[in-house]
Amino acid sequence: MKFLHTSDWHLGRQFHNVSLLEDQQAVLAQIITYLQSNPVDALVIAGDIYDRSVPPTSAIELMNQFVDKVCGELATPVIIIPGNHDGAQRLGFAASQMKPSGLHIIANFDEMLKPVVITSDIGEVAFYGMPYNDPELVRHYSQQAVKDHDQAHQLLVEKISEQFQPQQKNVLLSHCFVDGAIESESERPLSIGGSDRVSHEHFRVFDYVALGHLHQPQKKGEEYIRYSGSLMKYSFSEQHQAKGMTLVELDSNGFKSATHIPLTAPHQMRIIEGELADLIEQGKTDPNNHDYLLARLMDKHAILDPMEKLRKVYPNVLHLEKPGMLIGVDQQMGKARLARGELDMFKDFFLEAKQEPLTAEQETAVSAIISQLTREQEA
């Protein structure tokens, strides 16, 4: 029995006001190509299908095209749970009518106890979906005292395990933060103060646990308790993460293997660092100069319109940092040192703007203005 574990698609996401939808479309096309050559028994998405609870129309259209292809043409079942970015009720609209087509959306606690059962070469495999939840929702559902995410997941797993059938293997889809796992900058916190952490111990009763929420592929506690990670990079902190999906294989004994299948977006998230002149020269021959970039400028002097200059060779620079301006700066400098620093920065600015230095008369005038402003501020 083989199935693909994916999560955190975040369709419709924007990054620094740039739409990532075309990149997402390209990555979904890679999944379809893989399925055409490597048929599997199911594709699961462990939450955060969309980037927000009311997704843009273009994101819904992309998802619709994907489902038409995978469920309709390839006859591959797709099993989905909502994540914390999704609107569970919206995502679950008409879910019961979609089941015959092969699209299974487990969006509430009642559906959680009704597994999607797929018959394979090892017999029946039951896919249970635990929609993203918080302690308040679980308290209301169970009418039991639940104080945090860990207790909520423990209770829900107990309810699911009561449905186990001896002839079936059991797979769980869950969207949560397993304690001790590695997080990234692009994930929205589920709570504050660590109360969102969930112990992996609750999940040991399953043959495989398909986790969503954390964007880095990883396992936690057991080989069969895994995050597939997001389909593509959604922050510069993820520049070195290997994005993709997980091919899971079960046999008659349960979990057999998990294999990372890489997926590559047209634009990668990268950080480049150096002085502006060096970066511009580097960009002239960089084969991936269209990547989405954070540029860290190490120049110690002010530069006029560095973004415009960089974008001539790196058109998709999205953010600038200037740590070079802070190198050697004494944080406890006195007011006289600060005044000289302001004059120096203005001289750099003038040189950039006019391509010629201040004259002695101009420097005297600017220095007088800075001194006057300093006195007025102190008055």
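All residue numbers in this chain count up from 1 along the given sequence.
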Please test Gln24 against Leu231 for side chain to side chain contact (heavy atoms under 4.5 Å, CB included), starting from the C-alpha separation and ending with a verdict. CA-CA 8 Å; Gln24 293 169 331; Leu231 286 187; over 6 Å; no
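- Using the six-membered ring where Trp is involved, Phe236 and His16 have ring planes that are tilted, between 30° and 60° apart.
- Side chain of His10 to backbone of Asp51: no donor-acceptor contact under 3.5 angstrom is found.
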Hey, mind stepping through Asp286 and Arg270 against salt bridge (charged side-chain N to carboxylate O under 4.0 Å, His left out) and telling me if it holds? CA-CA 12 Å; Asp286 189 339; Arg270 284 198 290 142; 3.0 Å; yes
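- Judged by distance alone, with hydrogens and angles left aside, the side-chain atoms of Arg226 form no donor-acceptor pair with the main-chain N or O of Pro217 at under 3.5 Å.
- Separating the CG atom in Leu250 from the CD1 atom in Ile122 is a distance of 5.0 Å, to the nearest 0.5 Å.
- Under the 3.5 Å distance criterion, with hydrogens and angles disregarded, a donor-acceptor pair is assigned to the side chains of Lys233 and Gln268.
- Follow the hydrophobic side-chain contacts under 4.5 Å out from Val67 and you reach Ile105 in the same cluster.
- At a threshold of 4.5 Å between non-hydrogen side-chain atoms, the residues Leu28 and Leu11 count as touching.
- Residue Gln89 qualifies as open at atom CD: its count of foreign heavy atoms under 6.0 Å is 12 or below.
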Run the numbers on Val138 and Leu156 for side chain to side chain contact (heavy atoms under 4.5 Å, CB included), then give the verdict. CA-CA 8 Å; Val138 177; Leu156 295 179; 4.0 Å; yes
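- A pairwise comparison of heavy atoms in Pro82 and Ile106 identifies CD-O, 3.2 Å as the closest pair.
- Here the side chain of Asp86 pairs a donor or acceptor atom with the backbone of Tyr50 at under 3.5 angstrom.
- Here the shortest heavy-atom pairing between Lys169 and Asp207 reads CA-OD2, 3.4 Å.
- Minimum interatomic distance between Pro56 and Gly12 (heavy atoms only, all atoms of both residues): CG-CA, 4.0 Å.
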Side chain to side chain donor-acceptor pair (under 3.5 Å) between His213 and Asp48: does it pass, once the steps are laid out? CA-CA 7 Å; His213 179 57; Asp48 283 353; 4.7 Å; no
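- Using a 4.5 Å cut-off on side-chain heavy atoms (C-beta onward), Pro135 and Gln151 make no contact.
- A donor-acceptor pair under 3.5 Å is absent between the side-chain atoms of Asp299 and the main chain of His301, judged by distance alone.
- A chain of hydrophobic side-chain contacts below 4.5 Å, direct or via other Ile, Leu, Val, Met, Phe, Trp or Tyr residues, connects Leu310 to Ile303.
- Only one option out of His5, Glu223, Glu249 pairs with Tyr208 in a side chain to side chain donor-acceptor pair (under 3.5 Å); it is His5.
- Residues Val78 and Cys71 approach most closely at CG2-SG, 3.6 Å, considering heavy atoms.
- In terms of modelled atom types and a separation under 3.5 Å, the side chain of Asp251 and the main chain of Lys256 share no donor-acceptor contact.
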After noting the C-alpha distance and the side-chain angles of Asp278 and Met298, does the key distance pass the side chain to side chain contact (heavy atoms under 4.5 Å, CB included) rule? CA-CA 10 Å; Asp278 295 334; Met298 304 309 294; over 6 Å; no
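- The backbone N or O of Ala265 lies less than 3.5 Å from no partner atom in the side chain of Asp23, so there is not a single donor-acceptor pair.
- Looking at Glu238, its side chain never comes within 3.5 Å of a backbone N or O of His215 through a donor-acceptor pair.
- Within a 6.0 Å radius of CD in Glu22, other residues, nucleotides and ligands contribute 12 heavy atoms or fewer.
- Transitive grouping of hydrophobic side chains (ILVMFWY, heavy atoms separated by less than 4.5 Å) keeps Met307 and Leu294 in distinct clusters.
- Side-chain heavy atoms closer than 4.5 Å link hydrophobic residues (I, L, V, M, F, W, Y) into clusters, and following such links, even through other members, never connects Ile31 to Ile79.
- Under the 4.5 Å side-chain criterion, counting only non-hydrogen atoms from C-beta, Leu4 is not in contact with Asn38.
- Rounding to the nearest 0.5 Å gives a distance of 7.0 Å between CD1 of Ile32 and CG of Leu74.
- You'll find the side chain of Leu343 reaches within 4.5 Å of the side chain of Lys347, heavy atoms only.
- Without hydrogens or angle criteria, Tyr132 side chain to Ile81 main chain gives no donor-acceptor distance under 3.5 Å.
- Checked against a 6.0 Å centroid threshold, the rings of Phe177 and Tyr227 do not count as neighbours.
- Pairs of residues two or more places apart, or lying in two chains, that qualify as ring pair (Phe, Tyr, Trp, His ring centres under 6.0 Å) and include a residue from residues 100-130 are Phe3-Phe127, Phe109-Tyr141, Tyr128-Phe164.
- Evaluation of the salt bridge (charged side-chain N to carboxylate O under 4.0 Å, His left out) rule for Glu61 yields no partner, not counting sequence neighbours.
- A distance of 6.0 Å or more separates the ring centres of His202 and His153.
- The hydrophobic clustering, which links ILVMFWY residues whose side-chain heavy atoms are closer than 4.5 Å, places Val209 and Val198 together.
- Here Ile182 contributes atom CD1 and Lys220 contributes atom NZ; the two are 8.0 Å apart, rounded to the nearest 0.5 Å.
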Evaluate the side chain to side chain contact (heavy atoms under 4.5 Å, CB included) criterion for residues Ile80 and Met98: first the C-alpha distance (whole Å), next the side-chain angles of each, then the deciding distance (0.1 Å), finally the verdict. CA-CA 12 Å; Ile80 297 175; Met98 295 179 187; over 6 Å; no
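- Defined by atom type and a distance below 3.5 Å, a donor-acceptor pair is present between the side-chain atoms of Ser228 and Ser7.
- In the displayed structure, Gln167 atom CD is contacted under 6.0 Å by more than 12 heavy atoms of other residues, nucleotides or ligands.
- Distance check, rounded to the nearest 0.5 Å: OG1 of Thr119 to CD of Glu124 gives 5.0 Å.
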Decide side chain to side chain donor-acceptor pair (under 3.5 Å) for Ser161 and Glu158; before the verdict, give the C-alpha distance in whole Å, the side-chain angles of both, and the deciding distance to 0.1 Å. CA-CA 5 Å; Ser161 60; Glu158 288 173 356; over 6 Å; no
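- By the 4.5 Å heavy-atom criterion applied to side chains, Asp134 and His149 are counted as neighbours.
- Here His175 contributes atom NE2 and Asn133 contributes atom CG; the two are 10.5 Å apart, rounded to the nearest 0.5 Å.
- The two residues Ile45 and Leu173 make their nearest non-hydrogen contact at O-CD2, 4.0 Å.
- Among all heavy-atom pairs drawn from Gln216 and Lys243, the shortest one is N-NZ, 4.4 Å.
- Under a 3.5 Å cut-off, the side chain of Thr364 and the backbone N or O of Ala360 do form a donor-acceptor pair.
- In terms of modelled atom types and a separation under 3.5 Å, the side chain of Asp291 and the main chain of Leu293 share no donor-acceptor contact.
- Cluster partners of Phe93: none. The rule joins Ile, Leu, Val, Met, Phe, Trp and Tyr whenever side-chain heavy atoms lie under 4.5 Å apart, and it links nothing here.
- Here Ile118 contributes atom CD1 and Asp41 contributes atom CG; the two are 6.5 Å apart, rounded to the nearest 0.5 Å.
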